[in-house]
Amino acid sequence: MDGTQLPPSLISPTNPEPNFGGTTPDKVFRHTFQFKVPNNQCCQCTNARLILKFKALLPALDPTHSQANASNDKWYIYKDKNICGQMYGWIYDNPTNQGGTVTKVINIPCNCLKRDGNTVKLTFVTQDDTSVTSAQAQINGCCVKQDFGSLGARQPVGAEAEEPTVNLKD
């Protein structure tokens, strides 16, 4: 699945769950976190993580993940309609009864974040017999001011070269 396109049923589901804490099985849930980058800042992600809390709407009792209930539900991190690297997995690693809860802490590579102007986006999608009761995204990084001023040099005709001047703006 590495870098493959998500199936259309997950990208644009015909029956999406629009809210956190949904109660109806067979609905795909998708959410995009959007972080604003400060104006005039050049920022670089150093690490990111996603904390997802799930509730089984149907039992997830099949350790082979082959039954058409919550047992076969997965989470995916995607960017530009493609799974980002190896960023997908089973929601339920252990048998879970209907109504059971699970929390996943997922470390996200910075290249899975999408930069769109001054916005950084992180998108996840989950399959369909599981409710996402909450999600928290954390992105850490560092920023520097982009506008360092101007660097200029002038050399009058017949004169020795002068040292360039630097004008820094606050």
Side-chain angles (χ1 to χ4, degrees), residues 1-38 41 43-143:
M1 267 194 179
D2 185 10
T4 58
Q5 188 166 357
L6 280 172
S9 63
L10 294 179
I11 295 171
S12 299
T14 56
N15 193 20
E17 172 55 56
N19 301 307
F20 284 94
T23 58
T24 306
D26 294 325
K27 291 192 173 203
V28 172
F29 182 77
R30 179 180 60 195
H31 183 73
T32 299
F33 287 98
Q34 298 187 49
F35 296 86
K36 291 290 183 190
V37 176
Q41 297 282 319
C43 299
Q44 179 67 44
C45 168
T46 55
N47 61 63
R49 75 178 184 165
L50 183 62
I51 302 167
L52 298 173
K53 294 185 179 183
F54 300 105
K55 180 179 179 181
L57 298 176
L58 295 176
L61 303 175
D62 177 14
T64 67
H65 305 288
S66 61
Q67 292 181 359
N69 54 32
S71 298
N72 70 350
D73 286 359
K74 289 184 179 178
W75 57 266
Y76 303 87
I77 304 299
Y78 76 96
K79 177 182 173 183
D80 297 325
K81 299 183 181 180
N82 292 312
I83 298 168
C84 188
Q86 297 290 318
M87 298 307 305
Y88 61 92
W90 300 112
I91 293 174
Y92 302 100
D93 298 321
N94 298 304
T96 303
N97 289 319
Q98 184 174 347
T101 61
V102 137
T103 298
K104 294 279 184 181
V105 178
I106 305 161
N107 292 318
I108 309 290
C110 292
N111 67 343
C112 290
L113 305 175
K114 180 179 173 113
R115 181 77 185 254
D116 186 9
N118 277 7
T119 304
V120 175
K121 298 178 180 180
L122 171 60
T123 300
F124 73 91
V125 63
T126 61
Q127 285 177 304
D128 62 339
D129 296 318
T130 296
S131 174
V132 179
T133 58
S134 72
Q136 179 183 8
Q138 300 170 338
I139 299 175
N140 296 308
C142 58
C143 298

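Residues Ile91 and Trp75 come closest through the heavy atom pair CG1-N, 3.9 Å. Listed here is the closest heavy atom pair of Leu52 and Ala135: CD2-CB, 3.5 Å. Closest approach of Gly22 to Leu57, counting heavy atoms only: O-CD2, 3.7 Å. Taking each heavy atom of Arg115 and Val120 in turn, the nearest pair found is CD-CG2, 3.8 Å.
A distance of 11.5 Å separates OG1 in Thr101 from CZ in Phe54, rounded to the nearest 0.5 Å. To the nearest 0.5 Å, atoms CD (Gln127) and OH (Tyr76) are separated by 4.0 Å. Taken from CG in Leu58 to CG in Asn72, the straight-line distance is 10.0 Å, to the nearest 0.5 Å. One finds the SG atom of Cys84 at 8.0 Å from the CG atom of Leu113 (value rounded to the nearest 0.5 Å). Taken from CG in Asn111 to NZ in Lys79, the straight-line distance is 6.0 Å, to the nearest 0.5 Å.
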Exercise for the section: Just do the side chain to side chain contact (heavy atoms under 4.5 Å, CB included) check on Ser131 and Thr23 with the steps written out, would you? Expected result: CA-CA 7 Å; Ser131 174; Thr23 58; over 6 Å; no
Exercise for the section: Step by step, work out the disulfide bond (SG atoms under 2.5 Å apart) result for Cys43 and Cys142. Expected result: CA-CA 6 Å; Cys43 299; Cys142 58; over 6 Å; no
Problem - Ile106 and Met87: CA distance, side-chain angles, deciding distance, side chain to side chain contact (heavy atoms under 4.5 Å, CB included) verdict - result: CA-CA 9 Å; Ile106 305 161; Met87 298 307 305; 3.4 Å; yes
Handout entry: side chain to side chain contact (heavy atoms under 4.5 Å, CB included) between Asp128 and Lys27, intermediate numbers included
Key = CA-CA 5 Å; Asp128 62 339; Lys27 291 192 173 203; 5.6 Å; no
Practice task
List the steps and the verdict of side chain to side chain contact (heavy atoms under 4.5 Å, CB included) for Thr119 and Lys36.
Solution key: CA-CA 5 Å; Thr119 304; Lys36 291 290 183 190; 3.0 Å; yes
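Between Thr130 and Tyr92, some side-chain heavy-atom pair lies under the 4.5 Å cut-off.
Screening Val132, Ile83, Ile77, Val28 for a side-chain contact (heavy atoms from CB on, under 4.5 Å) with Val125, the sole residue that qualifies is Val28.
Remark: the backbone N or O of Asp129 is paired with a side-chain donor or acceptor of Asp73 at under 3.5 angstrom. The backbone N or O of Asn94 sits less than 3.5 Å from a side-chain atom of Thr96, completing a donor-acceptor pair. Panel note: side chain Lys104, backbone Trp90; a donor-acceptor pair is recorded below 3.5 Å. The backbone N or O of Thr123 sits nowhere less than 3.5 Å from a side-chain atom of Thr32 that would complete a donor-acceptor pair.
Taking the six-membered ring wherever Trp is involved, the centroid distance between the rings of Tyr88 and Tyr78 does not fall below 6.0 Å.
Sorted by first and then second residue, the side chain to side chain donor-acceptor pair (under 3.5 Å) pairs with a member in residues 46-62 read Asn47-Asn140, Arg49-Gln138, Asp62-Thr64, Asp62-Ser66; sequence neighbours excluded.
Between Phe29 and His31, the ring-plane angle classifies as parallel under the 30° and 60° cut-offs.
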